Trainee: 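Can you read through this structure? Questions will come right after.
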Amino acid sequence: WSLCIISTPLIHWTSRSKQSAPARDQFQEELVIRPLHSGDIYASFQFRTLWDIDFLQERQKVSHYRLFPKSLGQVLSKFSVRELHISFTQGFWRTMQWGQPFIPSPPGAELWVWFHDTVSDVDGNWKELTNVLSGIFCASLNFIDLTNTVQPSASFKPLGLGNATDHRFLRYATLPREIVCTENLTPWKKLLPCGSKAGLSVLLKSEKLFHSSFHSQAVHIRPVCQDEQCTSKAWELRQTLNVVFDLYTSSQGKKEWSLFKMFSRTLTEACPLATSSKIYVDITDNPELNPVTPLLSQAVVLGDRRTYSVFDLTRAETFGQLCSLNLLLRWKGDSDMLRPLLHAERYVAGFGLQTGEIHTVIYNNHPYRAFPVLLMDSVPWYLQLYIHTLTVTSKSRDNKPSYIHYQPAKDRHRPHLLEMLIQLPPHSMTEVTVQFERALLKWTEYTPDPNHGFYVGSSVVSALVPSMVAMNTNFTQDQPLFSSFVPVKEESSYFVRVYTEPLLVNLPTPDFSMPYNVICLTCTVVAVGYGSFYNLLTRTFQVDEPSLPLEKRLANLIRRIRGVPLLA
């Protein structure tokens with residue numbers, strides 16, 4: 001109890017001192033907990049740092065950093081970055097079981113960047129930027145080069161200010177085999193103003209986060225407006241972390257969760273530097289929640305109206321007399337889930353190691369509305385696409401795309417890029433197929449485990465999906481972070497981006513054991529032949545004197561003991 005009395009004034013004193021000196025940046029943190037239809041539980045962290053600065057005028061003059069990380073600020077200035085989006089994901093998001101995530105991401109690492117239109121050498125900046133980000137996040141981003149980088153023409157528009165249409169300043173790349181581990185989480189947490197010492201970030205315990213079905217951490221940097229009229233502009237750094245805990249491995253099959261069961265920790269205070277620190281618990285399906293809070297909030301997220309219990313961590317009464325907050329969530333029946341209106345999957349068909357076929361299946365689950373989707377595929381150069389075999393079918397009929405952009409690959413220089421605008425009929429399944437031929441690589445281009453296969457990045461499906469309920473188009477600073485990442489411009493639809501599974505393709509692989517056998521045999525022959533010849537040339541021969549018979553040696557041994565002269 002005494003600790004509560006001491007720590008609470010410190011938080012208020014910090015906030016008063018912060019208000020007395022006008023600060024040009026602010027920090028917000030937020031946690032959303034949502035029970036899933038499968039019995040698992042979804043936790044989404046969002047940390048937002050807003051930097052009140054004119055990014056166009058002062059981009060090269062900023063030298064003082066308060067809440068915004070200096071390492072990222074210097075990257076933005078040096079490489080003339082307008083928008084940066086990077087994510088590291090372990091696992092695959094199961095859309096039909098879990099619904100749509102707040103911010104989607106593909107398995108592995110994904111990086112897409114918009115550069116300023118003043119950059120003359122975009123490829124040079126892109127290469128240096130990936131090397132720098134590789135060091136900041138302790139990842140393998142330095143393996144991104146021109147062989148796995150594309151320039152989408154329509155799929156990745158800026159999410160912040162500006163409506164850039166010149167895709168020459170856009171670069172997109174994925175590393176589907178990137179493994180996410182603690183070494184990636186630690187530098188991500190160090191970018192937060194409070195690190196992992198206070199606030200919601202104390203829950204980010206690596207042993208628990210990586211013992212889950214799905215884990216994704218991301219960094220999004222973009223210029224945004226601070227009001228509806230956009231009279232003032234700012235840089236927004238949004239750090240997100242999404243995790244899904246499995247029902248059976250984490251909760252022993254019981255639909256009962258708590259903060260301590262999920263993260264092995266409880267909350268004792270908000271981040272002192274945060275202007276807002278809240279926890280939203282989804283209670284739309286009436287689960288049993290303890291403790292109960294009178295603060296409720298309704299939000300329309302991804303076309304679905306949800307009700308949330310809100311816990312404000314900046315209030316001392318939120319933590320109670322024990323000065324600790326441990327939310328307990330329990331439900332018995334299956335929770336109702338709005339079936340995702342857009343879903344996609346992809347697989348490889350065919351037999352043998354010469355040819356194959358890529359199938360991409362897109363589902364429109366809306367009962368009566370048709371809508372267009374934008375499909376983007378980036379295929380490595382060693383899968384040689386036969387673009388004349390491209391077919392699009394919906395309900396067993398040909399579905400001609402209204403827009404196609406195809407950039408063929410160049411061997412060892414760039415991948416294939418295919419973008420299509422397809423109209424999805426209501427309540428339909430649309431299948432896109434294209435045939436390919438596998439190339440034979442040089443023996444130095446194979447991975448250390450070539451028989452494991454080669455990964456192909458996820459397809460990206462972007463669409464404005466019709467909404468069942470009216471979306472909120474009003475811009476307010478008080479709206480939750482999880483519902484404000486993608487701006488809503490019309491009430492009848494919302495933006496959705498869906499990623500398919502990455503592909504694992506086998507290529508013709510030579511027998512690497514044969515060179516090993518040849519090397520071993522050659523080395524053996526050389527060692528035996530040269531060794532024998534060398535010994536003959538360098539060895540010295542000496543004539544050994546004939547040794548005495550055994551009886552004389554025994555007699556000499558006895559005579560030596562008795563002190564008698566030895567026999568000759």
Side-chain angles (χ1 to χ4, degrees), residues 34 36-38 92-104 106 152-157 284-285 298-306 334-347 349 357-377 389-406 418-434 458-473 483 485-501:
R34 187 176 77 186
L36 298 177
H37 177 71
S38 59
F92 178 71
W93 182 269
R94 307 179 186 276
T95 305
M96 298 307 295
Q97 297 182 19
W98 301 337
Q100 295 286 358
F102 294 125
I103 300 179
S153 62
S155 295
F156 288 89
K157 296 298 182 183
T284 307
D285 302 317
Q298 279 195 348
V300 179
V301 184
L302 300 173
D304 191 14
R305 190 180 302 276
R306 313 295 294 181
D334 293 336
S335 58
D336 296 331
M337 182 187 72
L338 178 65
R339 188 180 183 186
L341 299 181
L342 180 63
H343 173 54
E345 58 187 24
R346 189 167 64 150
Y347 60 91
E357 198 171 45
I358 297 177
H359 291 249
T360 304
V361 185
I362 308 174
Y363 298 89
N364 176 10
N365 296 322
H366 201 287
Y368 55 87
R369 289 285 298 275
F371 56 88
V373 299
L374 189 61
L375 172 65
M376 191 199 81
D377 253 333
T389 64
L390 177 66
T391 59
V392 182
T393 57
S394 298
K395 296 184 176 180
S396 302
R397 297 179 181 179
D398 290 340
N399 187 350
K400 185 177 180 180
S402 57
Y403 168 79
I404 295 181
H405 170 70
Y406 174 65
L418 177 63
E419 290 182 285
M420 294 184 296
L421 186 62
I422 307 172
Q423 185 77 11
L424 302 184
H427 197 67
S428 66
M429 180 187 72
T430 301
E431 187 173 12
V432 181
T433 62
V434 62
S458 304
S459 295
V460 185
V461 181
S462 307
L464 284 175
V465 179
S467 178
M468 296 292 189
V469 296
M471 299 294 296
N472 184 15
T473 59
S483 63
F485 181 70
V486 179
V488 179
K489 297 183 179 179
E490 53 185 39
E491 296 181 352
S492 60
S493 62
Y494 58 94
F495 178 77
V496 170
R497 181 170 285 146
V498 177
Y499 294 91
T500 65
E501 305 92 337

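The model shown is predicted, which means the values in this text are computed figures rather than measured ones.
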Trainee: In chain order, what residues pass the ring pair (Phe, Tyr, Trp, His ring centres under 6.0 Å) check against Y494, with sequence neighbours excluded?
Mentor: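 Partners of Y494 under the ring pair (Phe, Tyr, Trp, His ring centres under 6.0 Å) test: none.
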Trainee: Parallel, tilted or perpendicular: which describes the rings of H405 and Y403, with under 30° parallel and over 60° perpendicular?
Mentor: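 Ring orientation of H405 relative to Y403: parallel.
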Trainee: With side chain to side chain contact (heavy atoms under 4.5 Å, CB included) as the test, pick out the partner of Q100 among V465, L341, D304, L302.
Mentor: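 Exactly one pass, corresponding to L302.
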Trainee: Do the side chain of N399 and the main chain of V392 share a donor and acceptor less than 3.5 angstrom apart?
Mentor: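 No, because the side chain of N399 does not come within donor-acceptor range (under 3.5 Å) of the backbone of V392.
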Trainee: What residues form a side chain to side chain contact (heavy atoms under 4.5 Å, CB included) with H427, not counting sequence neighbours?
Mentor: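 Expected list: none.
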Trainee: Can you list the residues that meet the side chain to side chain contact (heavy atoms under 4.5 Å, CB included) rule with L464, with sequence neighbours excluded?
Mentor: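 Residues passing side chain to side chain contact (heavy atoms under 4.5 Å, CB included) with L464: S493, F495.
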Trainee: Measure the spacing between OG of S428 and NE2 of H366 and express it to the nearest 0.5 Å.
Mentor: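 That separation rounds to 12.0 Å.
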Trainee: What class does the angle between the rings of W98 and W93 fall in, given that below 30° is parallel, 30 to 60° is tilted and above 60° is perpendicular?
Mentor: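 Geometry flag for W93 against W98: perpendicular rings.
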Trainee: Quick one: pull up OG1 in T360 and CE in M420 and give me the separation to the nearest 0.5 Å.
Mentor: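 Those atoms lie 7.5 Å apart.
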Trainee: For E419, what residues pass the side-chain hydrogen bond (donor to acceptor under 3.5 Å, both in side chains) criterion, not counting sequence neighbours?
Mentor: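 E419 satisfies side-chain hydrogen bond (donor to acceptor under 3.5 Å, both in side chains) with S153, S155 only.
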Trainee: Identify, with sequence neighbours excluded, every residue that meets side-chain hydrogen bond (donor to acceptor under 3.5 Å, both in side chains) alongside T391.
Mentor: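 Residues passing side-chain hydrogen bond (donor to acceptor under 3.5 Å, both in side chains) with T391: T433.
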Trainee: State, with a plain yes or no, whether a side-chain heavy atom of S462 is found less than 4.5 Å away from one of R497.
Mentor: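 Yes, at least one pair of side-chain atoms sits under 4.5 Å.
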Trainee: Which heavy atom of L342 sits nearest a heavy atom of A463, and at what distance?
Mentor: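 Between these two residues, the closest heavy atoms are CD2-CB, 3.9 Å.
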Trainee: Would I358 and V432 count as a side-chain contact (heavy atoms from CB on, under 4.5 Å) here? Give the steps.
Mentor: CA-CA 8 Å; I358 297 177; V432 181; over 6 Å; no
Trainee: Ignoring hydrogens and geometry, is there a side-chain-to-backbone donor-acceptor pair from S458 to T500 under 3.5 Å?
Mentor: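 Yes.
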Trainee: Under the rule for side chain to side chain contact (heavy atoms under 4.5 Å, CB included), what residues qualify as partners of F92, not counting sequence neighbours?
Mentor: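 Counting only residues at least two positions away or on another chain, F92 forms a side chain to side chain contact (heavy atoms under 4.5 Å, CB included) with P107, E501.
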Trainee: Quick one: closest heavy-atom pair of P340 and N365, and the distance?
Mentor: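 So the two residues come closest at O-ND2, 2.6 Å.
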Trainee: With R346, which residues qualify under salt bridge (charged side-chain N to carboxylate O under 4.0 Å, His left out), at least two apart?
Mentor: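 By the salt bridge (charged side-chain N to carboxylate O under 4.0 Å, His left out) rule, R346 matches D377.
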Trainee: Is it the case that more than 12 heavy atoms not belonging to K395 sit under 6.0 Å from its NZ atom?
Mentor: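 Counting neighbours around NZ of K395, more than 12 heavy atoms of other residues, nucleotides or ligands fall under 6.0 Å, so yes.
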Trainee: List in chain and number order the residues that pass ring pair (Phe, Tyr, Trp, His ring centres under 6.0 Å) with Y406, two or more places apart in sequence or in another chain; answer none if no residue qualifies.
Mentor: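 Counting only residues at least two positions away or on another chain, Y406 forms no ring pair (Phe, Tyr, Trp, His ring centres under 6.0 Å).
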Trainee: Checking T284 against Q298 for the side-chain contact (heavy atoms from CB on, under 4.5 Å) test, could you report, in this order, the C-alpha distance in whole Å, the side-chain angles of both residues, the deciding distance, and whether it holds?
Mentor: CA-CA 9 Å; T284 307; Q298 279 195 348; over 6 Å; no
Trainee: Tell me every residue that passes ring pair (Phe, Tyr, Trp, His ring centres under 6.0 Å) with F485, counting only those two or more places apart in sequence or in another chain.
Mentor: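 Partners of F485 under the ring pair (Phe, Tyr, Trp, His ring centres under 6.0 Å) test: H220.
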Trainee: Taking side chain to side chain contact (heavy atoms under 4.5 Å, CB included) as the definition, give me every residue that meets it alongside V300, ordered by chain and number, with sequence neighbours left out.
Mentor: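 With sequence neighbours excluded, V300 shows a side chain to side chain contact (heavy atoms under 4.5 Å, CB included) to R305, V469, M471, given in chain and number order.
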Trainee: Report the distance from atom CD of E345 to atom CD1 of I362, rounding to the nearest 0.5 Å.
Mentor: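 E345 atom CD to I362 atom CD1 measures 10.5 Å (nearest 0.5 Å).
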Trainee: Is it true that a side-chain atom of N364 and a backbone atom of P425 form a donor plus acceptor pair closer than 3.5 Å?
Mentor: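 Present.
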Trainee: If the condition is side-chain hydrogen bond (donor to acceptor under 3.5 Å, both in side chains), which residues does T430 pass it with, not counting sequence neighbours?
Mentor: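 For T430 the side-chain hydrogen bond (donor to acceptor under 3.5 Å, both in side chains) partners, ignoring immediate neighbours, are S394.
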Trainee: Would M96 and R339 count as a side-chain contact (heavy atoms from CB on, under 4.5 Å) here? Give the steps.
Mentor: CA-CA 7 Å; M96 298 307 295; R339 188 180 183 186; 3.8 Å; yes
Trainee: Considering residues at least two apart in sequence or located in another chain, which fulfil the ring pair (Phe, Tyr, Trp, His ring centres under 6.0 Å) criterion with F156?
Mentor: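 With sequence neighbours excluded, F156 shows a ring pair (Phe, Tyr, Trp, His ring centres under 6.0 Å) to W112, Y172, given in chain and number order.
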